[in-house]
Amino acid sequence: MTDLIHLMADGAPEPVAPFSHAVRAGNWLFVTGQMPTLPGGGQTLVEGGVEAQTDRAMANLGLVLDHAGASLADVVSVRIYLTHFERDYALMNAAYRRHFAPGRLPARTCIGVTGLALGALVEIDMVAWLGRT
């Protein structure tokens with residue numbers, strides 16, 4: 001039986017709801033959707049549009065991954081939630097693509113939603129594989 005390890009990452013933004021930043025199950029790391037909030041800023045959204053919010057959410061995910069001994073190179077699957085899908089999809093993609101090496105993009109789903117916590121434009125969650133040798 002695999003033990004579950006519930007992680008709260010030092011330096012990552014405070015949760016906007018009751019959750020762990022990530023849960024490790026064996027070699028799998030399930031990272032909770034991160035908001036574009038500023039570390040140490042309470043529940044303050046980063047200023048700017050969806051590109052700035054995507055960059056901040058990705059940076060927050062990086063903090064959680066780093067705390068777990070992982071990086072974006074270990075990510076196998078991503079889910080992205082957008083409140084203004086048609087308007088923001090291309091802009092979000094431009095920002096998102098910058099965070100991964102060419103040819104090393106994880107599997108991904110992008111979903112249009114009617115709203116996100118704090119009025120954010122984007123939220124992103126991830127699954128990472130920690131079983132590399």
Side-chain angles (χ1 to χ4, degrees):
M1 175 181 239
T2 299
D3 289 325
L4 299 180
I5 302 169
H6 297 81
L7 303 171
M8 293 303 291
D10 296 332
E14 78 177 55
V16 300
F19 57 75
S20 297
H21 283 133
V23 177
R24 183 171 181 165
N27 287 328
W28 291 104
L29 183 69
F30 299 87
V31 183
T32 296
Q34 291 296 302
M35 306 300 296
T37 52
L38 299 168
Q43 296 185 351
T44 304
L45 291 173
V46 68
E47 291 184 17
V50 73
E51 286 182 279
Q53 288 197 11
T54 300
D55 285 334
R56 182 71 256 164
M58 292 295 292
N60 292 345
L61 288 157
L63 293 169
V64 176
L65 289 166
D66 185 62
H67 179 82
S71 72
L72 289 173
D74 301 309
V75 174
V76 296
S77 181
V78 174
R79 284 182 299 219
I80 301 171
Y81 307 89
L82 289 173
T83 57
H84 300 282
F85 193 90
E86 290 183 25
R87 181 191 76 191
D88 290 343
Y89 186 69
L91 293 169
M92 177 280 301
N93 278 325
Y96 173 86
R97 185 180 318 259
R98 293 191 293 262
H99 295 274
F100 294 98
R104 303 286 300 168
L105 295 168
R108 192 184 97 173
T109 300
C110 189
I111 304 160
V113 297
T114 60
L116 292 168
L118 307 177
L121 300 173
V122 63
E123 180 176 349
I124 305 170
D125 67 39
M126 298 179 161
V127 177
W129 172 248
L130 306 179
R132 59 200 143 117
T133 56

Closest contact, heavy atoms only, [X] versus [Y]:
| X | Y | result |
| --- | --- | --- |
| Ile124 | Ala57 | CD1-CB, 4.0 Å |
| Arg24 | Ala68 | NH1-O, 4.4 Å |
| Val46 | Ala52 | CG1-O, 3.7 Å |
| His99 | Met58 | CB-CE, 3.6 Å |
| Gln43 | Pro15 | NE2-O, 3.3 Å |
| Leu121 | Gly49 | CD1-C, 3.9 Å |

Flag the pair [X] / [Y] as yes when at least one side-chain heavy-atom distance between them is below 4.5 Å, and no otherwise.
| X | Y | value |
| --- | --- | --- |
| Trp129 | Val75 | no |
| Pro106 | Val76 | no |
| Thr109 | Ile80 | no |
| Leu7 | Ile5 | yes |
| Val113 | Ile111 | yes |

ILVMFWY clustering at 4.5 Å (side-chain atoms), partners of Leu4: Val23

Listing, residues 34-42 side-chain donor-acceptor contacts under 3.5 Å, not counting sequence neighbours, or none:
from, atom 1, to, atom 2, distance (Å)
Gln34, NE2, Thr32, O, 3.4

Partners passing side-chain contact (heavy atoms from CB on, under 4.5 Å) against Asp125 (at least two apart in sequence or in another chain): Arg79, Tyr81

Asn93-Arg97 side chain donor-acceptor pair, cut-off 3.5 Å: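 Absent: no donor and acceptor within the cut-off.
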
Side chain to side chain contact (heavy atoms under 4.5 Å, CB included) between Leu72 and Met126, worked out: CA-CA 9 Å; Leu72 289 173; Met126 298 179 161; 3.5 Å; yes

Would a single hydrophobic cluster contain both [Y] and [X], if residues Ile, Leu, Val, Met, Phe, Trp and Tyr are joined by side-chain heavy-atom contacts under 4.5 Å?
| X | Y | answer |
| --- | --- | --- |
| Val16 | Leu61 | no |
| Leu130 | Leu63 | no |
| Leu116 | Leu45 | yes |

Point-to-point distance, once rounded to the nearest 0.5 Å, from CZ of Arg56 to CD of Glu51: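 The CZ atom of Arg56 sits 15.5 Å away from the CD atom of Glu51.
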
OG1-CD distance between Thr44 and Glu14, expressed to the nearest 0.5 angstrom: 8.5 Å

Whether Phe85 and Tyr89 hold their rings parallel, tilted or perpendicular, with breakpoints at 30° and 60°: parallel

Any donor-acceptor pair under 3.5 Å from His21 side chain to Val64 backbone: no

Salt-bridge criterion met for Asp55 and Arg98 (N-O under 4.0 Å):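 Salt bridge: yes.
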
Pair Leu82-Met92, side chain to side chain contact (heavy atoms under 4.5 Å, CB included): steps then yes or no: CA-CA 9 Å; Leu82 289 173; Met92 177 280 301; 4.0 Å; yes

